[in-house]
Amino acid sequence: MCGIIGCNGVEAAVPVLINGLERMEYRGYDSSGIAVLSQGKIITEKKKGRVAALVKRLEQSTNLDAQIGIGHTRWATHGKPSDENAHPHQSGKFTLVHNGIIENHAELKEQYLKLTKTKSDTDTEIAVHLLNRFYSDNCLEAIAHTVRLLKGSFALAVICEDEPDRLFCVRQASPLVVGIGDGTFAASDTSAISEKIHTLYRMNDGEIAVLSKDSIEFFDFGLNKITKTPDEFEKNSYTADKGNCEHFMLKEIYEQPEAIRKTVDAYLNENVFDLQLKIEKPERFYIVACGSAYHTGLVGRQVFERLTKIPVSVETASEFRYSRPLVNGNTPVIIISQSGETADSLAALREAKKRGAKTVSIVNVKESSIASESDFVLLTKAGPEIAVATTKAYGAQLAALYLLGIYFAEAFGTADKNELEKMKKALTELHKTVSAALGCEELIKEIAQRLKDIDRAYFIGRGLGFAAAAEGSLKLKEISYIHCEAYAAGEMKHGTISLIEKGTTVVAMNTQKELTHKLQSNIDEVRSRGARVIAVTSAESKIDADETITVPEVHPLFAVSTQIVPVQLLSYHIARLRGCDIDKPRNLAKSVTVE
Ligand code: G6P
């Protein structure tokens, strides 16, 4: 949520900043801006809209010859998207960019800046005015003074006209990394700078980094020097290349089999768990996550409970952290997060650790905060996911949960050994079945053509089918803006069925053979009231609906992995026909680093 980029000592700062912003646009895309220090003066350009709009603006501005600068792509929290509210913000000789929320901005204004006129509606602007207010002749001291007063979350990158050779960065509860290569760099996300650096430092909360042209010094907020060791990182294979696809989302749906294969290969045969994951048979598991990752948790619960006979609670992270969870040393907490930076999930992880729980994370980004702070990390191998609506990372998270379920069942001796062997075999084949499920795309295109003008849809299912329905509903609503709801199929008759009328669209997910008859009854109930039902089912479970999408048979516990594919494709094609901005849906961001 908001992307920060900074560089110092580079040959040309503007292209470095723009390239970084383009790579981090998934974090927010309602406005963007850069500030560079050229011949002793800071020049700022910012613009409402996408980075492309900023690039256009820059084409008209004078030649910006600079070696140091900062940039920002915004997801608005305080103040609507506009040129004025876009970052960077300036006061006196200081200019800064910010990711996070300064919760006490109103109190600080009242106490220190009563007479200061602000130009924007942002919380951020208060921070830059404070820098100016506390500055006499030492930037670092003014920064330390300011950040000691700020409450909330803030990653900052600051430049000052009096110190043209230094870039200052701060991290408190918002991600920020810094690195050294041909110059020094800062970014919210390693992938934005990984190709430019040979040495990376992940900043911790409460740290200030001072980036000179070829070295970095670290301090705490009391300005005591800190010695840090570099972190490992992977050079990023990201390219802004959609291949033959019109959108990243479609490309990533097609990369799902590969994401599953790589994740399974990395863990199933390597026995990594045996070496590192020592967990005694617990009284309960907690699975905690947000958004689609939470939906994979709903699947995980059923897989774990079936295989381990241990109860599982699945919680949304934003609720878990404030619910005084009954977590202790005997209730491992599994955090699922594609980005590894979601603020609520990270806070939930810290809450679980505070309460003495062992923590396991399922994360797609190795250098992320959640990966580095949990006791054990299971890295999904989906590769960088660009589209805001997750598809391949979701598929890889499911695979990771199957792997964990099998691992725990083996470790605790809670499932039949032959059954577990069968599941392992099915897991190594899963990518092929998911790949075969992609064969439904032509049929999906036809259905999408018929559904493109609907204004609402209901997704229903039982058991695993409900978990799939929840994800299907989220996918369609987030990218097509059609109002969607997901229900446990048996719940429809307790209220929501009153909304069914002639032509209402209902998508039914038939994941469980043994529940097919029950789901059929629910389908019949809504059809007899006029609903038009599209059923997703596997080859061996026949179901009667207005349209049926059949996917290949797979191990019953893995059915969501195949059945989600047609629903992802359906959401994609409906959104495409509606002319929606599929990879960057309105109001959303991929990495949600504020509460
Ligand atoms: C955002 C994204 C979702 C994602 C959720 C959790 O809302 O748009 O696709 O599922 O955050 O993100 P995480 O990175 O923790 O999986």
Side-chain angles (χ1 to χ4, degrees), residues 1-3 24-30 75 77 174-175 188-191 248-249 252-253 256 259 263 287-300 314-321 333-350 359-371 373-374 377-380 382-401 467 470-481 486 564 567-568 571-572 575 580-595:
M1 202 144 268
C2 298
M24 286 189 294
E25 210 174 6
Y26 70 87
R27 302 180 71 89
Y29 35 83
D30 58 47
W75 185 88
T77 59
S174 266
S188 303
D189 178 342
T190 310
S191 68
F248 281 109
M249 182 178 176
E252 289 162 2
I253 292 172
Q256 205 158 209
T263 305
I287 300 180
V288 185
C290 301
S292 296
Y294 168 75
H295 294 154
T296 66
L298 297 177
V299 177
V314 190
E315 315 266 346
T316 49
S318 54
E319 290 298 316
F320 176 86
R321 59 186 293 194
V333 175
I334 298 163
I335 307 281
I336 310 169
S337 173
Q338 185 282 126
S339 62
E341 297 292 353
T342 301
D344 285 319
S345 303
L346 178 58
L349 169 79
R350 290 176 178 162
T359 52
V360 178
S361 63
I362 296 175
V363 175
N364 199 40
V365 182
K366 195 177 172 190
E367 302 83 18
S368 63
S369 304
I370 292 177
E373 291 186 30
S374 43
V377 192
L378 198 161
L379 281 172
T380 47
E385 193 179 56
I386 312 298
V388 165
T390 179
T391 52
K392 63 172 178 171
Y394 168 89
Q397 285 166 355
L398 287 180
L401 284 160
E471 175 60 7
S473 163
L474 179 65
K475 262 324 57 104
L476 183 56
K477 81 173 76 150
E478 67 184 334
I479 61 167
S480 73
Y481 318 138
I564 204 63
V567 186
Q568 292 169 339
S571 306
Y572 171 79
C580 298
D581 193 347
I582 293 178
D583 287 335
K584 294 193 178 74
R586 71 183 179 207
N587 303 342
L588 298 180
K590 191 158 185 71
S591 184
V592 183
T593 54
V594 294
E595 272 191 58

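When reading the values below, keep in mind they use all heavy atoms of this one structure, side chains included, and skip hydrogens, waters and symmetry mates. First listed ligand is number 1; within each ligand, the first listed atom is number 1. Residues: numbered from 1 along the sequence shown.
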Report, in ascending order of atom number, the atoms of ligand 1 lying under 4.0 Å from any heavy atom of [X].
X      : value
Ser292 : 10 (O)
Thr390 : 9 (O)
Lys590 : 1 (C), 2 (C), 11 (O)
Ala589 : 1 (C), 2 (C), 8 (O)
Val388 : 8 (O), 9 (O)

Report the part of [X] in contact with ligand 1, treating N, CA, C, O as backbone and CB onward as side chain, heavy atoms under 4.0 Å; options are side chain, backbone, both, neither.
X      : answer
Leu588 : neither
Ala389 : neither
Glu341 : neither

Supply the atom-to-atom distance [X] [atom1] to [Y] [atom2], rounded to the nearest 0.5 angstrom.
X      : Y      : atom1 : atom2 : answer
Gln568 : Leu476 : CD    : CG    : 12.5 Å
Tyr572 : Ile479 : OH    : CD1   : 8.5 Å
Glu315 : Cys290 : CD    : SG    : 12.0 Å
Glu341 : Arg27  : CD    : CZ    : 7.0 Å
Ile370 : Asn364 : CD1   : CG    : 12.0 Å

Give me the nearest non-hydrogen protein atom to [atom] as residue plus atom name, then the distance to 0.1 Å.
atom                    : result
atom 7 (O) of ligand 1  : Val592 CG2, 4.0 Å
atom 5 (C) of ligand 1  : Cys290 O, 4.0 Å
atom 12 (O) of ligand 1 : Thr342 OG1, 3.4 Å

*Return yes if a side-chain donor-acceptor contact under 3.5 Å exists between Glu471 and Ser292, otherwise no.*
yes

Under 3.5 Å: N/O of [X] near N/O of ligand 1:
X      : answer
Gln338 : yes
Ser337 : yes
Ser339 : yes

*Report yes or no: does Glu385 contribute a side-chain atom to a donor-acceptor pair with the main-chain N or O of Lys392 at less than 3.5 Å?*
yes

*With distance as the sole test, does Asp583 use its side chain to make a donor-acceptor pair with the main-chain N or O of Phe248 at under 3.5 Å?*
yes

*asked:* Ignoring hydrogens, what is the shortest heavy-atom contact between Ala470 and Ala486? Give both atom names and the distance.
replied: CA-CB, 3.6 Å

